[in-house]
Amino acid sequence: MFAKLFESWLGRSTLIAADDTWALLALLCLSVGLAVWLEQRYLWASKISGALIALLIALAASNLSVIPTKCVLYDDIIWGYAVPLGIPLLLQCNMRRIWKETGRMLLLFLIGSVGTVMGAFAAYGLLRARIPELAAVAAMMTGSYIGGGVNFAALATEFDAGEIAGAATVADNLLMAIYFFALLLFAGMNFFRKRYSHPHIDAVEQSGDLMGARTQAAAYWSRKDISLKDIALDIAYAAAVVYLAKCAAGAVGALIPDAGVALHMLHTFFGSEYVWITTISMAFATFAERQAAQLHGAQEIGTYFVYLFLFVIGVPASISEILTRTPLLLAFTGIMVAMNMLFCFVGGRLLHFDLEDIILASNANIGGPTTAAGMAISQGWSALVGPAMLVGTFGYVIGTYLGILVGGVLGA
C-alpha cells in the first residue's frame, strides 16, 4: 500500500482514481460522518464546526494526492444533484408566521441585510484588483451573510466558484470566531448598555438562572423521529421542486435576452434555477403549511446534503492558494461583517431598539438561525429564541435572491 502511495505521489496521480466512484463515495461519506460525529461529541469540534472539519479533510486528501480534484461524483452528482435537492428541504419558511411573530427583530434583520449588501459592494471596490474571482465571492458571501450555508452552496453552484469557494469558507470560519466573541463582548460592555435598553439582560441578571431559558428551547436541538415514509416524502418533494424550478428557469430565462446590463441582470436572476427553487419552496411552506409540517426529517437530510457539498468544495482547494488568498478574503469578509454590524447598531439606536434584538438580528444575518437561537439560549433570552430562529430562516429565503443580484451587478 505504501509503495503504491509513494508511486502515485511521484507520478502526480492520485491514490484513488477519478473513475473509482465507489471508493470516492465511501471516503466522502466516511469523512462527513466523522465530521458530524466529532462536532456532536467534542467541544473543540463544535467550536470550529463539522462543516469546516469536512472541508479540511477534503483539503488534506486532495493536497496529499489521495483523491482527484475532478471526477463525476464531485462535479456531476454532488454539485448537480445533492446541492439542488438539499435546498428545498432546508427552506421550510412560512412567510405569514414570520411577519406575525418576529416583530421589530425582522426590521433590524432587513436593515442588517442592507448593510451586508453595501459591505459587499464596498469590499469589492477596495479589493477587486487583488482577486480576479471577487465578484463570485461577493455573491456567495452576500447569500451566506444574509442566509447561511444553503445559500452559499446555491450561489457557489450558480456562479461556478470553483477553488475560491474553499478559501472563502476558511476565511469565513476564521472570522466567525472573532465575530461571535465580539457580539458576546458587546452584550456585557457598559458602553453599549448605557446607550441601548437591555430588558432581557436585566431579567437574567436579576433571576441569576439561565437553565430555565435553556430548557425552554431544548426542542430545537432534540433528536427527531424519522420514518421510511418521511424519507420517501422528503426526497419526492425535493425532486419535484427542483424539476419545476428547472422548467421555470428555462422557460422564463429564454424570454429575456442576455444583452445589456439591465437585461443581463434580469436574465441572470429569472434564469437561475435557485431563484425558482427558493420561490417554490417558500410558497409551499407558506400556503401549504399543514403539508410542509409533515416533512419530518427534511432539515436533517438537507443539512447532510450541504455537508457533502462542503467536503467537495474543499477538494480543488490548494493549500498554498488558501494561505495566499485567505488574508485577503478575511479582509473582504471582515468589511462585510463590519458594515452589517454598523447598520444594525446604528439603525437600532435610531429606532430605539433593545440591545438584545440588535445583537440577535446581526447574528441571524451573519451566522444564521441556529447560531442566533444558540446565542439567545446561552444568554438566557428565552423570549427571543423563536424570533431569532424565524428571522434567520427568513434569511434563507432572501439570501439567494440578493446574492444573485449582487453577482449580476458585479458581472460574476
Side-chain angles (χ1 to χ4, degrees), residues 90-124 138-152 154-155 179 183 186 192 196-197 200 265 269 274-275 278-279 281-283 285-286 333 335-373 375-376 381 383-409:
L90 290 169
L91 286 178
Q92 301 298 310
C93 185
N94 187 326
M95 294 301 298
R96 287 183 294 198
R97 185 183 172 196
I98 286 173
W99 288 117
K100 182 179 179 181
E101 298 182 17
T102 54
R104 56 187 182 178
M105 192 184 293
L106 178 60
L107 177 58
L108 277 170
F109 181 88
L110 293 172
I111 292 171
S113 298
V114 174
T116 297
V117 172
M118 293 299 101
F121 287 130
Y124 177 82
M140 290 187 298
M141 299 317 299
T142 296
S144 180
Y145 287 167
I146 292 173
V150 62
N151 306 92
F152 182 93
L155 292 161
Y179 168 74
L183 286 183
F186 293 170
F192 290 97
Y196 298 90
S197 57
H200 301 279
M265 289 175 56
F269 185 83
Y274 293 99
V275 165
T278 301
T279 303
S281 302
M282 178 184 64
T286 301
T333 53
I335 292 170
M336 292 183 66
V337 169
M339 193 70 78
N340 171 276
M341 295 176 73
L342 179 65
F343 271 62
C344 284
F345 278 90
V346 172
R349 173 68 173 169
L350 294 175
L351 296 172
H352 305 290
F353 286 172
D354 296 337
L355 178 60
E356 300 93 337
D357 286 325
I358 296 168
I359 288 173
L360 292 179
S362 178
N363 191 329
N365 267 144
I366 304 300
T370 53
T371 62
M375 182 171 287
W381 306 336
L384 300 179
V385 174
M389 282 290 292
L390 287 172
V391 296
T393 304
F394 176 67
Y396 287 160
V397 174
I398 65 173
T400 300
Y401 292 142
L402 294 175
I404 288 175
L405 284 174
V406 168
V409 170

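- Across every non-hydrogen atom of Leu155 and Gly399, the tightest pair is CD1-O, 4.2 Å.
- Residues passing the salt bridge (Lys or Arg N to Asp or Glu O under 4.0 Å) test with Arg104 are Asp354, Asp357, sequence neighbours excluded.
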Let me have the donor-acceptor pairs involving side chains of residues 384-391, under 3.5 Å, with sequence neighbours excluded, atom names and distances please.
none

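- Counting only heavy atoms from C-beta outward, the side chains of Met341 and Leu183 approach each other to under 4.5 Å.
- Rounded to the nearest 0.5 Å, atoms CD1 (Ile335) and CG (Leu342) are 13.0 Å apart.
- For Tyr179, the side chain to side chain donor-acceptor pair (under 3.5 Å) partners at least two apart in sequence or on another chain are Ser362.
- With sequence neighbours left out, Asn151 forms a side chain to side chain donor-acceptor pair (under 3.5 Å) with Thr400.
- The shortest heavy-atom contact between Gly403 and Ala139 is O-CB, 3.3 Å.
- Contact annotation: the side chain of Tyr196 never approaches that of His352 to less than 4.5 Å [non-hydrogen atoms, C-beta and beyond].
- By the ring-ring contact (aromatic ring centres under 6.0 Å, His included) test, Phe353 pairs with no residue at all, sequence neighbours left out.
- Contacts of Phe186 classified as ring-ring contact (aromatic ring centres under 6.0 Å, His included), with partners at least two apart in sequence or in another chain: Phe192, Phe345.
- Partners of Ser113 by side chain to side chain donor-acceptor pair (under 3.5 Å), not counting sequence neighbours, listed by chain and number: Asn365.
- Taking Tyr401 as the reference, Thr279 meet the side chain to side chain donor-acceptor pair (under 3.5 Å) condition, with sequence neighbours excluded.
- In this structure, Ser144 contributes its side chain and Met140 its backbone to no donor-acceptor pair below 3.5 Å.
- A distance of 10.0 Å separates CG in Leu106 from CD1 in Ile111, rounded to the nearest 0.5 Å.
- For Thr142, the side-chain contact (heavy atoms from CB on, under 4.5 Å) criterion is met by Val117, Ala120, Ile146, Met336, Leu402, Val406, not counting sequence neighbours.
- To the nearest 0.5 Å, atom CE of residue Met105 and atom CD1 of residue Ile358 are 10.5 Å apart.
- The two residues Cys344 and Gly112 have their closest heavy-atom pair at SG-CA, 3.5 Å.
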